[in-house]
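Please read these numbers as outputs of a predicted model, since none were measured by experiment. Scope of the values below: all heavy atoms of this structure, side chains included, with no hydrogens, waters or symmetry mates.
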Number of protein chains: 4
Amino acid sequence: MSTPQPRRRTRTDAERNRDRVLEAARALFAESGHDVQMSEVARVAGVGVGTLYRKFPTREALIEAIAEQRTADIIAAARRLADADDPADGLARLLHHVGEVLADDRGMSEVIEKAMGSGEPREETREALLAIAGELLDRAQAHGTVGREVTTGDVNMVICGLAAVIRNAAGDWRRYIEVALDGLRSR
Amino acid sequence: MSTPQPRRRTRTDAERNRDRVLEAARALFAESGHDVQMSEVARVAGVGVGTLYRKFPTREALIEAIAEQRTADIIAAARRLADADDPADGLARLLHHVGEVLADDRGMSEVIEKAMGSGEPREETREALLAIAGELLDRAQAHGTVGREVTTGDVNMVICGLAAVIRNAAGDWRRYIEVALDGLRSR
Amino acid sequence: MSTPQPRRRTRTDAERNRDRVLEAARALFAESGHDVQMSEVARVAGVGVGTLYRKFPTREALIEAIAEQRTADIIAAARRLADADDPADGLARLLHHVGEVLADDRGMSEVIEKAMGSGEPREETREALLAIAGELLDRAQAHGTVGREVTTGDVNMVICGLAAVIRNAAGDWRRYIEVALDGLRSR
Amino acid sequence: MSTPQPRRRTRTDAERNRDRVLEAARALFAESGHDVQMSEVARVAGVGVGTLYRKFPTREALIEAIAEQRTADIIAAARRLADADDPADGLARLLHHVGEVLADDRGMSEVIEKAMGSGEPREETREALLAIAGELLDRAQAHGTVGREVTTGDVNMVICGLAAVIRNAAGDWRRYIEVALDGLRSR
DNA sequence: AATGAATGAGGTTTCATTCAT
DNA sequence: AATGAATGAAACCTCATTCAT
């Protein structure tokens, strides 16, 4: 109560709590998708539900926050791929990176599958991802490894399908990517 | 009354009610997927919940019944396609048929997306569909329109992806099919 | 439809149905007590629920009817015992007879247990049974095998307890009767 | 605040609520037996149904909790009786104590009646009670107030019958106990 | 009179969210 | 700011009883 020591301000408890919630939610969503109870998230985070709700006023807000975070990771990685020098198979590498992420994260496969759709939420995610995909696409087209008529919309669908294949364990998703790339490349 | 044939009761009221329930469920599931309340189904069907539960003792049973019915339709249509004489583009026509059905039925896109996965339920659906797809695949390969190394597993993934693309309105699904077919055709 | 034969009137279908319902209910109640669904009774009786409800407008009415029937059997047997010449151990024989009946009929053990209470229903049953018990009691008292201060109320309680012992399989009910009789005899 | 001892929160609100639920359930069960709705219990307790289910995750759990509590009371009282010095009429006093409790509590008469049976649940209750009854029985037999051949099984039946007599208001239960004791004493 | 399908009130249980401490 | 108990609106399902044929 009367501790004279000035609180070190690098990291407040509040911030730490927020992180713990995010981490717990990330882990749980990755494991089981979004069908997880709020109280379970709080329990795993080691905080009370009240705290959880203070940070994220709504179940949706929490899911959104995780999605945003993880999506940003994907986009950052995509950015790095796009900025790298290797130009020809950038798109392939982007798809494989997304696959790797989704294969380890059930929640994210749900998010990405939805995000590639035209509903309200996560419009920016799609746009950001497709913007980068567009760059890679241009280069691939310049190299002749992808057909001229291919659009980012096509990539959009391929990614959506990829998410579904992974989420439902519908087969070997790397093979799916190969097929899709062949499809984009042909002609 | 004066029908010469002994009046066979072709449709009892009970059967009619069953159909009304099925139709209501089908419409609601098509419109909004499976997140529909039993009481809502009953209301739309114009029957009491008790009646609904008499026909389908469980929420799952109702979903299953609709899925079975619609799945059978798809498979029957696929069968007809496979039995038709035209051999070259049978696979393409199969995919388009599936697309048409799913595009009008949100519930079915959920069903098919899941069905193409490796979980327990609806295993037969997948197998039946893939069996027919396998025939069409063979023919296409004989015609050289599909690569020799393509398997029904690839078709499985393509269909799963297709369902996701449609369900999430992730783009022009006919174009998705073209891309996928090109991918299977290449090499 | 145009059968000329006059219907034999010894036993109408309606009467036969009533008996089938009674028999089914008796058997089911004996087996499982009164927690049996009306539709189950109808099914076992081989009639529709509607028929069942025509005969017995209420679940309670059906239970009541069975109770009445079976109770009448008990009372008749008691009557015969009382009218027999053997005077000394009539009460013992009455109790044992009741025990035999209840041991084979879970529903009846419920009925008798309740009937010996002071609630509304089955007042007459209790009175009829106790009237006969009273006669036997008198004789036993005359013979000195039962104490002078013993009343039919005491017998009432002994029977109620007997029903409970049997219904709950709480021990050897014949031994219970011995103890009770010793209790009534003593002094 | 100025308590020297570190303020130990003796009773949190949660505990108070738990007690309110227990008390409400106890009162309702005592009044009407176990055929009481959960929502009614919640209403009387002055809490929401959710709270009730937080404390007792199941209807059965609540009934069990009440039964356990009250049963423990009975056994504790029996224990005290057995530990008291007065040896001769301990059994009588035990029975009367049980009678007093059951007479004020319909739910408990149901519980005890069942508990004395040979089904699975509440086996320990019966055993605990009969263990104590056994001690009292031994002493009574040593004093000659109960016959040598009497067993705890006999007491078991007497208690079961007592519960039934009380539950169904089948007469003066104190008199029932007298008769039963006379029965055990005789010979 | 018989049938059994239909009814819907009523019961249990869950879980996102609120709120008193 | 943190806590977690409390809340109560749903959602599912059952079964005694009614009613059209």
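- In this structure, B:F56 places its CZ atom 14 Å from P of E:dA5, rounding to the nearest Å.
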Run the side-chain contact (heavy atoms from CB on, under 4.5 Å) test on C:E123 and C:S118 for me, step by step, so that the C-alpha distance in whole Å, both residues' side-chain angles and the decisive distance to 0.1 Å come before the verdict.
CA-CA 7 Å; C:E123 202 83 354; C:S118 59; 5.7 Å; no
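- To the nearest angstrom, C1' of F:dA10 lies 14 Å from CG of B:D35.
- For D:Q37, the side-chain atoms get nearest to E:dG11 when compared with the rest of F:dA2, E:dG11, F:dT17.
- Taking for each of C:R59 and D:R54 the nucleotide of DNA chain F with the nearest heavy atom, the 5'-most of the two is the partner of D:R54.
- Across all strands shown, E:dT12 is found opposite F:dA11 as a Watson-Crick or G-U wobble partner, with both distances under 3.5 Å.
- F:dT3 atom P lies 15 Å from atom CZ of A:R43, rounded to whole Å.
- Rounded to whole Å, atom P of E:dA5 lies 15 Å from atom CG of B:L52.
- Distance C:H34 NE2 to F:dA16 C1': 16 Å, rounded to the nearest Å.
- Residue contacts for D:V47: at a heavy-atom cut-off of 4.0 Å it reaches the sugar-phosphate backbone alone, with no base atom in range.
- Contact annotation: B:K55 side-chain N/O to E:dA6 OP1/OP2 distance is under 4.0 Å.
- With a cut-off of 3.5 Å on both Watson-Crick or G-U wobble distances, the partner of E:dA1 is given as none.
- The pair C:E40-C:R43 counts as a salt bridge, with a side-chain nitrogen and a carboxylate oxygen less than 4.0 angstrom apart.
- With DNA chain E read from its 5' end, the first of the two nearest nucleotides for B:T51 and D:P57 is the one closest to B:T51.
- Pairing for E:dT17 goes to F:dA6, judged as Watson-Crick or G-U wobble with the two contacts each under 3.5 Å.
- The side chain of A:N17 places no N or O atom within less than 4.0 Å of a non-bridging phosphate oxygen (OP1 or OP2) of F:dA1.
- Protein atom CD of C:E40 is 15 Å distant from nucleotide atom C1' of E:dG4, rounded to whole Å.
- B:T71 contributes a side-chain N or O that, together with a main-chain N or O of B:A67, makes up a donor-acceptor pair within less than 3.5 Å.
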Hey, mind stepping through B:R20 and B:E23 against salt bridge (charged side-chain N to carboxylate O under 4.0 Å, His left out) and telling me if it holds?
CA-CA 5 Å; B:R20 285 165 74 181; B:E23 175 51 25; over 6 Å; no
Given salt bridge (charged side-chain N to carboxylate O under 4.0 Å, His left out), test C:E31 with C:R106 step by step and report yes or no.
CA-CA 6 Å; C:E31 179 70 22; C:R106 172 141 240 258; over 6 Å; no
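- Heavy-atom nearest nucleotides on DNA chain F were determined for B:M38 and for D:R18, and the one closer to the 5' end corresponds to D:R18.
- Picking from F:dG4, E:dT3, E:dA6 the nucleotide with the shortest atom distance to the side chain of A:V49 gives F:dG4.
- Put simply, CD on C:E15 is 16 Å from C1' on E:dA2, counting in whole angstrom units.
- Place C:A14 and A:Y53 on DNA chain E by their nearest nucleotides, and C:A14 ends up nearer the 5' end.
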